[in-house]
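Everything below concerns the one structure shown next.
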Amino acid sequence: MNRITWLLVLIAVMTFASCKVERLTPVAESTKDISGDWTVISATRNGTDLMSIVDFSQFKVSFKDGKYTLINKLPFLVSNDGAYSFDDPQYPFKISFTPTGKTAVATAFTYPIVNGIRQLTLTFSPGCPGNTYVYTFKKAN
């Protein structure tokens, strides 16, 4: 009987000693880097396609070192160059544009990868809240 008890205790000790709790630390999400020139690949107003009505081929938004530049300006959330910032550098849901000498304007921001290509989508209502624009950009080569 002692042997069986001793054997059961030994098996229990080995079982508990073999169980190790792994402490996993989440991998830190990198900050979103949108540096570079971005061109419009899709634009809608209230769900209506604007690409066939407006020539977006020359319009670009250039991001560099916390600043943005509008190239060949078209109707956009802001009309002057300035600085930009995210509500959260790692998990941004909003981007704020601050034109030089003016107040900041924030808008919804998504940064998905679609068919292997990084995209940037901005949803905004300049002036009239009844009009919602959605511009989708891709990085220019």
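Since the model is a prediction, treat every value here as computed from it, not as a measurement. Basis for what follows: all heavy atoms, side chains included, without hydrogens, waters or symmetry-related copies.
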Over all heavy atoms of both residues, which pair between [X] and [Y] is shortest? Give the atoms and the distance, please.
X	Y	answer
L70	V78	CD1-O, 3.5 Å
N131	S125	O-OG, 2.8 Å
P92	P89	CD-O, 4.1 Å

Go through L50 and Y133 one step at a time and tell me if the side chain to side chain contact (heavy atoms under 4.5 Å, CB included) criterion holds. CA-CA 9 Å; L50 296 175; Y133 292 82; 3.9 Å; yes
Spell out, yes or no, whether [X] and [Y] are grouped together once hydrophobic residues are joined by side-chain heavy atoms under 4.5 Å, including indirect joins.
X	Y	result
F59	I53	yes
V61	I71	no
V13	L7	no
I117	M51	no
Y111	L77	yes

Report the distance from atom [atom1] of [X] to atom [atom2] of [Y], rounding to the nearest 0.5 Å.
X	Y	atom1	atom2	answer
W38	R118	CH2	CZ	7.0 Å
F124	T132	CZ	OG1	10.0 Å
I11	W6	CD1	CH2	9.5 Å
T110	I95	OG1	CD1	11.0 Å
S42	D49	OG	CG	6.5 Å
T44	Y135	OG1	OH	9.5 Å

Are [X] and [Y] side-chain neighbours, meaning at least one heavy-atom pair lies under 4.5 Å?
X	Y	answer
L74	V54	yes
Q119	I41	yes
F137	F56	no
L120	I34	yes
F97	F76	yes

In this structure, which one of V40, T39, V114 forms a side-chain contact (heavy atoms from CB on, under 4.5 Å) with K138? T39
With sequence neighbours left out, write down each residue that passes ring-ring contact (aromatic ring centres under 6.0 Å, His included) with F93, or none if nothing qualifies. none
Just checking, any donor-acceptor pair under 3.5 angstrom between side chains of T48 and N46? no
Do S62 and D37 have a side chain donor and acceptor closer than 3.5 Å? yes
Donor-acceptor pair, K32 side chain versus F86 backbone, under 3.5 Å? no
Pairs where residues 65-92 contributes a residue and the test side chain to side chain donor-acceptor pair (under 3.5 Å) is met, not counting sequence neighbours: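 Not a single pair qualifies under side chain to side chain donor-acceptor pair (under 3.5 Å).
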Would you check, one step at a time, whether the test side chain to side chain contact (heavy atoms under 4.5 Å, CB included) holds for T121 with F109? CA-CA 6 Å; T121 302; F109 168 85; over 6 Å; no
Which other residues end up in the same hydrophobic cluster as V134, if Ile, Leu, Val, Met, Phe, Trp and Tyr are linked when side-chain heavy atoms come under 4.5 Å apart? none
